[in-house]
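Notes follow once the structure below has been shown.
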Amino acid sequence: MEEIDIEKAKQYSTFLKSIPKEKEAELVQQTFDQHEEEHSRFLDAYLKDECYLCNKSFKTYSKSNPCLHWLLRRCKFKKKDFPLLTEKYDYHQINMYLRWVANAEYFQKNINDMKDERSEKKVFQSTIKWKNIEWSFECSENDFKGHNGAVNYPHYHFQMTIDKNIFINYNGFHNRFSQQDLSYLYAIHHDGFTPSYGLHGSGMQDAMLTDPEDLLERFSIIEEGEENDGAFHIQNIISNPDGIDMDIIQDAMDESRRTKKSFSKLLNKRLDDQTNIATIITPSERVPEIAKRTEHKPRKS
C-alpha cells in the first residue's frame, strides 16, 4: 500500500487553483467525454447482468480477480474478502461504481449525500441504495487525519446491509485512502472545491441544488398507488386577498393527470398576478436515510 503524503494533497489544491479558465474548460470537457464513454460501457453490461470491469456475469466470484460487482451480492461474496476490494480499488472508484448502479435503478433518489442530513463533524457521510442492499460511507475528522488510536493512517468506514441486516459493519474495517482520494478530498473539505460525480453519479445533493424551475420542468405526476416511487414531495401554498378561483386549480389538476406533467408548473401558468404561489420541494421517504456510525468510546479504567 502506498504511503500517503498530506503535503501532496495540499499541492493538488494549489494546482487546481492555478489552472487558467480556458484550460479548465478544456479539462472539464475531456473529463465529461471520458465519463460518458465509460458509463456507456457500464450501462451496456449492467443491462445484461454483467460487469463492465471484468466482463463477467454478476454471479461470478473469483478471489484471484477481485471486482466491484461482488458488492451487488449476486455471487458468493463474503465479508472477510472485502479487503481484497479495497486493496484494488480506492474510495472514489468504489463510491462511483455504486452510484452508477443505484442510478441505473432510480436516478438520484437512491443516493442520500445531502449535506443537511450529515453531521457537520464528518468529512463525508452518504448512503446508497439498490434493490434490497444499502452501502454507506463515513469519514470523521480523526479518520481523515489518521488520528484514531492504533489506526494511524487516513481512512474511511464502510457499511453494507442486505434486507436491513448488517452484512459489513462500519467498524469492521479501516479502509485506507489512496493518495488520489486524499488529494481530492482535501481540495473539497479544506479548500472549498465542489465535489462532483458527474451526471450519472449524482445524488440528492445535486438534485436539491438544481434550479427549482428546472426541477418542476422535469417532474411528472405519480400514479395513485405509486407514491413510494417518487423522489420528492411537493407542497403548494396559494394565497390571494380576493379569494382563489377553485376552477383554475381543478383545471390544472385535470391536465396534470391527463398529461403527467407537474401540477405546480401547470398551476403557476394559470394564476393571475394577484395570486401568490409558493412551491416547497422536499425529498420523499423513498430516499434512504444516511446510516450513522456508532463511535467507539474508550473504556473507563
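Minimum heavy-atom separation, Ile290 to Thr127: CA-OG1, 3.3 Å. The heavy-atom pair separating Ser202 from Ile111 by the smallest distance is O-CD1, 3.6 Å. The heavy-atom pair separating Ile168 from Phe158 by the smallest distance is CG2-O, 3.9 Å. Taking every heavy atom of both residues into account, Leu85 and Cys67 meet most closely at CD2-O, 3.2 Å. Summarising the geometry of Glu138 relative to Ala291, their closest heavy-atom pair is OE1-O, 4.1 Å, with the distance given to 0.1 Å. Contact detail for Asp113 and Gly203: the closest heavy-atom pair is OD1-C, 3.8 Å.
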After noting the C-alpha distance and the side-chain angles of Glu134 and Met160, does the key distance pass the side-chain contact (heavy atoms from CB on, under 4.5 Å) rule?
CA-CA 6 Å; Glu134 288 188 1; Met160 177 176 173; over 6 Å; no
Give the intermediate values and the outcome of side-chain contact (heavy atoms from CB on, under 4.5 Å) for residues Met208 and Met114.
CA-CA 8 Å; Met208 296 306 293; Met114 291 183 286; 4.0 Å; yes
Test log, rule side-chain contact (heavy atoms from CB on, under 4.5 Å), inputs Lys63 and Lys78:
CA-CA 10 Å; Lys63 288 188 180 182; Lys78 299 178 179 63; 6.0 Å; no
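Between Ile188 and Phe124 the shortest side-chain heavy-atom distance does not fall below 4.5 Å. With contacts defined as side-chain heavy-atom distances shorter than 4.5 Å, the pair Cys51/Phe58 qualifies. Within the 4.5 Å cutoff, the side chain of Asp44 has no heavy atoms near those of the Arg41 side chain. With a 4.5 Å cut-off on side-chain heavy atoms, Tyr106 and Lys129 do not count as touching. In this structure the side chain of Arg73 never reaches within 4.5 angstrom of the side chain of Lys131, judged on heavy atoms. Contact check for Phe82 versus Asn175: side-chain heavy atoms found under the 4.5 Å cut-off. Counting only heavy atoms from C-beta outward, the side chains of Glu117 and Gln125 never approach each other to under 4.5 Å. Residues Thr86 and Phe173 have side chains not in contact (no heavy-atom distance under 4.5 Å, counting atoms from C-beta outward).
Leu209 and Val287 fall into different hydrophobic clusters, defined by Ile, Leu, Val, Met, Phe, Trp and Tyr side-chain heavy atoms under 4.5 Å apart, directly or through other members. Linking ILVMFWY side-chain heavy atoms closer than 4.5 Å, directly or via other members, places Tyr170 and Phe167 in two distinct hydrophobic clusters. Using a 4.5 Å cut-off between side-chain heavy atoms of Ile, Leu, Val, Met, Phe, Trp and Tyr, with links allowed through other members, Tyr52 and Tyr46 fall into the same hydrophobic cluster.
Screening Phe137, Trp135, Tyr97 for a ring pair (Phe, Tyr, Trp, His ring centres under 6.0 Å) with Tyr91, the sole residue that qualifies is Phe137. When each of Lys122, Arg293, Arg176 is tested with Asp143 by the rule salt bridge (Lys or Arg N to Asp or Glu O under 4.0 Å), just one qualifies, namely Arg293.
Under a 3.5 Å cut-off, the side chain of Asn169 and the backbone N or O of Asn171 do form a donor-acceptor pair. Remark: side-chain polar atoms of Arg99 are not paired, donor with acceptor, to backbone N or O of Asn103 under 3.5 angstrom. Using a distance-only test at 3.5 Å, with no hydrogens or angles considered, no donor-acceptor pair links the side chain of Asn110 to the main chain of Ile128. No donor-acceptor pair closer than 3.5 Å links the side chain of His155 to the backbone N or O of His174. A donor-acceptor pair is defined here as one N or O able to donate and one able to accept, closer than 3.5 Å; no such pair exists between the side chain of Gln29 and the backbone of Glu26. Judged by distance alone, the side chain of Gln205 and the main-chain N or O of Lys115 form a donor-acceptor pair under 3.5 Å.
Tyr156 and Asp181 form no side-chain donor-acceptor contact under 3.5 Å, judged by distance and modelled atom types alone. Using modelled atom types and a 3.5 Å distance limit, the side chains of Lys88 and Asn65 yield a donor-acceptor pair. Looking at His69 and Glu50, their side chains never bring a donor and an acceptor atom within 3.5 Å of each other. In the model, Asp206 has no side-chain atom that pairs as donor or acceptor with a side-chain atom of Tyr197 under 3.5 Å.
The salt bridge (charged side-chain N to carboxylate O under 4.0 Å, His left out) check on Lys76 picks up nothing, with sequence neighbours excluded. Trp130 is linked by a ring-ring contact (aromatic ring centres under 6.0 Å, His included) to nothing, counting only residues two or more places apart in sequence or in another chain.
In this structure, Phe177 and Phe144 have perpendicular ring planes: the angle between them is above 60°, well past the 30° mark. By the 30° and 60° cut-offs, the orientation of the rings of His39 relative to Phe42 is tilted.
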